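What follows is a set of notes on a single structure, which appears directly below.
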Amino acid sequence: MTFDTTLPINTLTLVSSQKVCGGWHKQYSHESSALNCTMRFAIYLPPQLEAGKSEVDKSIALNALSQTVPVIYWLSGLTCTDENFMQKAGAFKVAAELGVAIVAPDTSPRGAAVPDDAEGSYDLGLGAGFYVNATQPPWSQHYNMYNYIVDELPQLIESHFSVSTKKAISGHSMGGHGALTIALKNPERYSSVSAFSPICHPTDCPWGQKAFSHYLGDDRATWQQYDSYHLMLQARDTVPALVDQGDADNFLSEQLKPDTLVQAAAKTAYPLTLRMQPGYDHSYYFISSFIDEHLRFHHQFF
């Protein structure tokens, strides 16, 4: 029996449940007020949150039920859902060892009423929320992923699962951009941040320029509030940051531009460690190779 068995039925709907590495991977759907649609997220609950099975020592079970664990929020990249990281990253063994929960939300609002790119491109609309609050129609009614990740989802998780308020944030590609910008804008909320292959300077790359022009309009000055390079240059408070980037990534020079993040960190003495990993590409083979180190990185700051 795990902690979420008493969740109000009208708040969260259980979609799937699998035991893994002594804990539980679960998917839930819920109505999002930030995004005005039904959303889905996945959560890994480590074995430390598993109530005692034996009746021999009920104090052990009671102690287990009184525990809380910290949370790492994982933001995925373009075209992904909550499933990509949970199924491909291989994070459960170390998460179970460390006693941390992992929450993986979807990458955009979903549903028949949610607008999508008219041309069907993968880098705008469904699956491409870019973790911003859209200000332009038709996107602004639904595409408020920043508010969802920063406010609504943590409140939901902390209200219905036995997790503490200690949290870190991480992500890949578009999700790496989201993790970095969210941590840079909210250093008091997160103990650390990490990213794989993040879009570091979206105001100066094709992916970012396309998304921001649609979601935020033509005033490029407003784009800088979601650009890690600019945010790091302006940072007053800091969050320990770890970034891994493969040097065989085919998006490296045109879209990701990690050198700009290094430049910003050097100018402000930001606590950034950026590691170029020889031979690695943009895939989950890369993520699975170093995810254990990222989990341990976050754990030391909880």
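Just so we're clear, the structure is a prediction, and the values are computed from it rather than from any experiment.
- How far NE2 of His177 is from CG of Leu256: 12.0 Å, rounded to the nearest 0.5 Å.
- Atom CD of Glu119 sits in a sparse spot, with 12 or fewer heavy atoms from other residues, nucleotides or ligands closer than 6.0 Å.
- Pairs passing the side chain to side chain donor-acceptor pair (under 3.5 Å) check and including a residue from residues 225-242, sequence neighbours excluded, read His201-Asp227, Thr203-Asp227.
- When atom types are taken as modelled, the side chain of Asp117 and the backbone of Gly120 share a donor-acceptor pair closer than 3.5 angstrom.
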* To do: Might you work through the side-chain hydrogen bond (donor to acceptor under 3.5 Å, both in side chains) test for His25 and Ser17, ending with a clear yes or no?
  => CA-CA 6 Å; His25 166 271; Ser17 178; over 6 Å; no
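- In terms of heavy atoms, Gly171 sits closest to Ala179 at N-CB, 3.9 Å.
- The structure places OG of Ser170 at 6.5 Å from NE2 of His294, a figure rounded to the nearest 0.5 Å.
- Minimum heavy-atom separation, Phe297 to Ser192: CE2-CB, 3.9 Å.
- The cluster map of Ile, Leu, Val, Met, Phe, Trp and Tyr, joined by side-chain heavy atoms under 4.5 Å apart, puts Val103 and Leu14 in the same cluster.
- Hydrophobic clustering of Ile, Leu, Val, Met, Phe, Trp and Tyr side chains at less than 4.5 Å, counting indirect connections, keeps Leu295 apart from Val163.
- To the nearest 0.5 Å, the span separating NE2 on His214 from CG on Leu124 amounts to 5.0 Å.
- Leu242 and Phe85 fall into different hydrophobic clusters, where Ile, Leu, Val, Met, Phe, Trp and Tyr are joined by side-chain heavy atoms under 4.5 Å apart, directly or via other members.
- Partner of Arg40 under the side-chain hydrogen bond (donor to acceptor under 3.5 Å, both in side chains) criterion, chosen from Thr13, Asp106, Asp82: Asp82.
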* Output, in order, the C-alpha distance, side-chain angles, deciding distance and verdict of side-chain contact (heavy atoms from CB on, under 4.5 Å) for Ile291 and Phe196. => CA-CA 9 Å; Ile291 190 61; Phe196 291 85; 4.0 Å; yes
* Asked: Should Ser32 and Glu152 be marked as a side-chain contact (heavy atoms from CB on, under 4.5 Å) after you check the CA-CA gap, both sets of side-chain angles, and the distance that decides it?
  -> CA-CA 8 Å; Ser32 168; Glu152 185 177 11; 2.8 Å; yes
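- Residue Phe41 comes nearest to Pro105 through the heavy atom pair CB-CA, 4.0 Å, listed as atom of the first residue, atom of the second, then distance.
- From Ile149, atom CD1 reaches atom CD1 of Ile169 across 6.5 Å, with rounding to the nearest 0.5 Å.
- With contacts defined as side-chain heavy-atom distances shorter than 4.5 Å, the pair Ile43/Ile102 does not qualify.
- Under 3.5 Å, the side chains of Asp249 and Gln245 contain a donor-acceptor pair of N or O atoms.
- Asp116 places a side-chain N or O within 3.5 Å of a backbone atom of Leu126 that can act as its donor or acceptor partner.
- Residues Tyr284 and His172 bring their aromatic ring centres within 6.0 Å.
- Under the 3.5 Å distance criterion, the side-chain polar atoms of Ser159 are left unmatched by any main-chain donor or acceptor of Leu156.
- Remark: aromatic rings of Tyr44 and Phe92 are close, center separation under 6.0 Å.
- Ring geometry for Phe290 versus Tyr280: interplanar angle over 60°, hence perpendicular rather than tilted (30 to 60°).
- Salt-bridge annotation for Lys88 and Glu83: absent, with no side-chain N of the basic residue lying under 4.0 Å from a carboxylate O of the acidic one.
- Hydrophobic cluster membership is shared by Leu75 and Met39, with clusters built from Ile, Leu, Val, Met, Phe, Trp and Tyr side chains linked at under 4.5 angstrom.
- Ring centers of Phe130 and Trp207: at least 6.0 Å apart, outside the cut-off.
- Across Ile157 and Tyr73, no two heavy atoms sit closer than the pair CB-OH, 3.6 Å.
- Taking the six-membered ring where the residue is Trp, the centroids of Phe251 and His282 are separated by under 6.0 Å.
- Side-chain contact between Pro206 and Glu254: present, with at least one pair of heavy atoms (C-beta onward) separated by less than 4.5 Å.
- Taken to the nearest 0.5 Å, the CZ atom of Phe212 stands 14.0 Å off from the CG atom of Asp218.
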* Between Glu158 and Lys166, is a salt bridge (Lys or Arg N to Asp or Glu O under 4.0 Å) present by the stated rule, with each step listed? -> CA-CA 10 Å; Glu158 290 167 18; Lys166 295 179 181 179; over 6 Å; no
* Asked: Going through the distances and angles, do Asn133 and Tyr143 end up as a side-chain contact (heavy atoms from CB on, under 4.5 Å)?
  -> CA-CA 6 Å; Asn133 285 340; Tyr143 283 77; over 6 Å; no
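- Pro258 and Cys200 get closest at one heavy-atom pair: CA-SG, 3.7 Å.
- Between the side chain of His142 and the backbone N or O of Val114 there is no donor-acceptor pair closer than 3.5 Å.
- Within a 6.0 Å sphere centred on CZ of Phe301, heavy atoms belonging to other residues, nucleotides or ligands number more than 12.
- At least one side-chain heavy atom of Thr181 sits less than 4.5 Å from a side-chain heavy atom of Leu231.
- One N or O on the side chain of Asn186 and one on the backbone of Ile182 form a donor-acceptor pair closer than 3.5 Å.
- For Tyr148 and His30, the ring centers sit closer than 6.0 Å to each other.
- Among all heavy-atom pairs drawn from Ala96 and Cys21, the shortest one is CB-O, 3.4 Å.
- At least one side-chain heavy atom of Met145 sits less than 4.5 Å from a side-chain heavy atom of Pro109.
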* Check the pair Ser121, Lys210 against side-chain hydrogen bond (donor to acceptor under 3.5 Å, both in side chains), reporting the backbone distance first and the verdict last. => CA-CA 11 Å; Ser121 61; Lys210 179 178 180 178; 2.9 Å; yes
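- A distance-only check finds no donor-acceptor pair linking the side chain of Ser76 to the backbone of Thr107 [under 3.5 Å].
- Two residues are said to be in side-chain contact when any heavy atoms from C-beta on lie closer than 4.5 Å; Asp247 and Gln277 fail this criterion.
- Side-chain contact check for Pro202 versus Trp223: every heavy-atom pair is 4.5 Å or farther apart.
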* Residue pair Thr68, Ser164: steps toward the side-chain hydrogen bond (donor to acceptor under 3.5 Å, both in side chains) verdict -> CA-CA 5 Å; Thr68 61; Ser164 71; 4.8 Å; no
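- For residues 258-274, no pair satisfies side chain to side chain donor-acceptor pair (under 3.5 Å), with sequence neighbours left out.
- Note on Phe302 and Trp74: same hydrophobic cluster, where clusters join Ile, Leu, Val, Met, Phe, Trp and Tyr whose side-chain heavy atoms are under 4.5 Å apart, directly or indirectly.
- The side-chain heavy atoms of Thr11 and His160, taken from C-beta on, include a pair separated by under 4.5 Å.
- How far CG of Leu274 is from CG of Leu261: 6.5 Å, rounded to the nearest 0.5 Å.
- The side-chain tip of Lys185 points at the ring of Tyr146 from less than 6.0 angstrom away and within 45° of straight on.
- Using a 4.5 Å heavy-atom cutoff, the side chains of Gln48 and Leu98 are not in contact.
- Gln141 and Asn36 are not linked by any side-chain donor-acceptor pair at a separation below 3.5 angstrom, with hydrogens and angles left out of the test.
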* To do: For side-chain contact (heavy atoms from CB on, under 4.5 Å), just list the numbers for Leu12 and Phe161, CA-CA rounded to whole Å, side-chain angles, deciding distance to a tenth of an Å, and then say yes or no.
  => CA-CA 11 Å; Leu12 294 180; Phe161 299 92; 4.0 Å; yes
